[in-house]
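Some notes on the structure that comes next.
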Amino acid sequence: VQLQASGGGLVQAGGSLRLSCTASGRTVSRYAMGWFRQAPGKEREFVATINRIGGSTYYADSVKGRFTISRDNGKNTLYLQMNSLKPEDTAVYYCAADPLGVGVPNGSEYDYWGQGTLVTVSS
């Protein structure tokens, strides 16, 4: 499956962005999906994950209550709604697909990755 992330940009602190990740090649309903991010000079970190049918989600503590992960399997698309953005949310955001379908925070379980979209939050 090929993943294409989009929707990043520059936003002021307190603002909102919605990221999208469109899949091609195989139906995204086969996979659990996740969002990860990597800030400059830091390691990649888990953000959120959602299982195959969207009935179960899990978030990093740092984004809980501010970010919402969702999916539309009919459109083969994953979303990340980001509200109340903070400067520390600045990073390249990656979407990823996990063939096990459960949705876990461990990036090594994800076999397919998008190219990333940059989110910059100014203070």
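In this text the structure is predicted, and so the values were computed from the model without any measurement.
- Minimum interatomic distance between Gln115 and Ala5 (heavy atoms only, all atoms of both residues): NE2-O, 2.9 Å.
- Summarising the geometry of Val1 relative to Ala23, their closest heavy-atom pair is CG2-CB, 3.8 Å, with the distance given to 0.1 Å.
- Between the side chain of Arg71 and the backbone N or O of Val28 there is at least one donor-acceptor pair closer than 3.5 Å.
- Taking hydrophobic clusters as Ile, Leu, Val, Met, Phe, Trp and Tyr residues chained together by side-chain heavy-atom distances below 4.5 Å, Val92 does not share a cluster with Val47.
- One finds the CG atom of Leu100 at 12.5 Å from the CG atom of Asn51 (value rounded to the nearest 0.5 Å).
- For Lys42, there are no side-chain hydrogen bond (donor to acceptor under 3.5 Å, both in side chains) partners two or more places apart in sequence or in a different chain.
- The line from CD1 of Ile50 to OG of Ser70 is 6.0 Å long, rounded to the nearest 0.5 Å.
- From Thr68, atom OG1 reaches atom CZ of Arg18 across 11.5 Å, with rounding to the nearest 0.5 Å.
- The two residues Ser108 and Asn106 have their closest heavy-atom pair at OG-OD1, 2.8 Å.
- To the nearest 0.5 Å, atoms CD1 (Ile69) and CD (Gln81) are separated by 12.5 Å.
- How far OG of Ser24 is from CG of Leu3: 7.5 Å, rounded to the nearest 0.5 Å.
- With sequence neighbours left out, Ser29 forms a side-chain hydrogen bond (donor to acceptor under 3.5 Å, both in side chains) with Thr27.
- For the residue pair Thr77 / Asp72, no side-chain donor-acceptor distance below 3.5 Å is found, with atom types taken as modelled.
- Considering only residues two or more places apart in sequence or on other chains, Asp89 meets the side-chain hydrogen bond (donor to acceptor under 3.5 Å, both in side chains) condition with Arg37, Arg66.
- Residue pairs meeting the ring pair (Phe, Tyr, Trp, His ring centres under 6.0 Å) criterion with at least one partner in residues 73-123, sequence neighbours excluded, are Tyr31-Tyr112, Phe36-Tyr110, Phe36-Trp113.
- The side-chain contact (heavy atoms from CB on, under 4.5 Å) test applied to Tyr58 returns Phe46, Thr49, Pro105, not counting sequence neighbours.
- Arg52 and Pro99 make their closest contact through NH2-O, 3.3 Å (heavy atoms, listed as atom of the first residue, atom of the second, distance).
- Listed here is the closest heavy atom pair of Gly103 and Ala32: N-CB, 3.3 Å.
- Separation of atoms OG1 (Thr120) and CG (Leu118) is listed at 3.5 Å; rounding is to 0.5 Å.
- The backbone N or O of Asp98 sits nowhere less than 3.5 Å from a side-chain atom of Glu109 that would complete a donor-acceptor pair.
- The minimum heavy-atom distance between Gly8 and Val119, with the atom names listed, is CA-CG2, 4.1 Å.
- Between Lys86 and Val121, every side-chain heavy-atom pair lies at or beyond the 4.5 Å cut-off.
- Every side-chain contact (heavy atoms from CB on, under 4.5 Å) that Ser6 has, sequence neighbours left out, goes to Ser20.
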